[in-house]
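Notes to accompany the following structure.
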Amino acid sequence: MGWWILLLCAATLCMAPVQLTMQLDANKKPTLHAILRSGPLVLQYDAVIEREQGTLVLSLHRQGAKDKAGESVKDWPERIRKLRAGLIQRPTMWRWLKRTLHPRQFLLHARFGAGDAAHTAAGYGALAAAAQMVYVWAANVFPETPIVRVHADFSQAVFLGSLRCIFRSRIGHIIAVALLALTEPALRAGRAKIASLRKQGRAWKSTQSRA
């Protein structure tokens, strides 16, 4: 009886919905917010780019934590290259992620001002054209009507922007993708090893038949 209850609880947990919100705020301190929400559980991480002693520093902070970790932005190109190389080795994980992470909502707000009326008008026209292309793309990807707004500020030189994307999935799907991320390189190496052994076996049989 206890096993059935445990299995029922595990199945209910795996079917629980999860909402992922990614929000990028472009201002004096560009900030990326990642919010994972499932029922009453909310987990939020913030990545902020700040200037400290003439050096750009990327600080990572989890909401509710006392400390935050900061690293120089100069160190991140190499980290991104390593991350990209690792992701390339996991194509199956990416296919599963595309199938299980469903886009829901897209919002983009931007305010632009060049400090001069003529330059502001020209820049606003270019931004509005780019925003229209983004709207067409988002309308084909996100089921809810996207919100894309660009405002011109003729009173000052300013550029402010906010991009927000909402995705939904289930805890079971996220667990499956995480397991794929951990095991896919080893599985690919194992399949390559088996294919190599089979090839060697066929070559050996061919040699024996000729003899």
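It should be emphasised that the depicted structure is a prediction, and the values quoted were computed from it without experimental measurement. Hydrogens, waters and symmetry mates are skipped; everything else that's a heavy atom, side chains included, is used.
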- Query: Could you state the interatomic distance from CD (Gln44) to CG (Leu36), rounded to the nearest 0.5 Å?
  - Reply: 11.0 Å
- Nearest heavy-atom contact between Ala152 and Thr120 is CB-CG2, 4.3 Å
- Note on the structure: Separation between OG (Ser38) and CZ (Arg170), nearest 0.5 Å, reads 10.0 Å
- Task: Kindly write out the residues that satisfy side-chain contact (heavy atoms from CB on, under 4.5 Å) with Ser169, not counting sequence neighbours, or none if the list is empty.
- Result: Thr100, Leu101, His173, Ile174
- Query: Which other residues end up in the same hydrophobic cluster as Leu160, if Ile, Leu, Val, Met, Phe, Trp and Tyr are linked when side-chain heavy atoms come under 4.5 Å apart?
  - Reply: Val158
- Message: Test: side chain to side chain donor-acceptor pair (under 3.5 Å). Region: residues 153-166. Which pairs qualify, not counting sequence neighbours?
- Response: Asp25-Ser162, Asp153-Ser155, Asp153-Gln156
- Enter the distance from Ile35:CD1 to Asp46:CG here, rounded to the nearest 0.5 Å. 7.5 Å
Return all side-chain donor-acceptor pairs below 3.5 angstrom for residues 129-147, not counting sequence neighbours, or 'none' if the list is empty.
from	atom 1	to	atom 2	distance (Å)
Asn140	ND2	Val136	O	3.1
Glu144	OE1	Gln105	NE2	3.1

- Does His102 have any side-chain contact (heavy atoms from CB on, under 4.5 Å) partners at least two apart in sequence or in another chain, and if so, which? none
- Besides Tyr124, the hydrophobic cluster formed by Ile, Leu, Val, Met, Phe, Trp and Tyr side chains linked at under 4.5 Å, directly or via other members, contains Phe112, Leu127, Val150, Phe159
- Message: I want to check something: taking the side chain as every heavy atom from C-beta on, are His33 and Thr21 in contact at a cut-off of under 4.5 Å?
- Response: no
- Query: Can you tell me how far the CZ atom of Arg149 sits from the CZ atom of Arg111, to the nearest 0.5 Å?
  - Reply: 12.0 Å
- Query: Do Leu163 and Phe106 have side-chain heavy atoms sitting under 4.5 Å apart?
  - Reply: yes
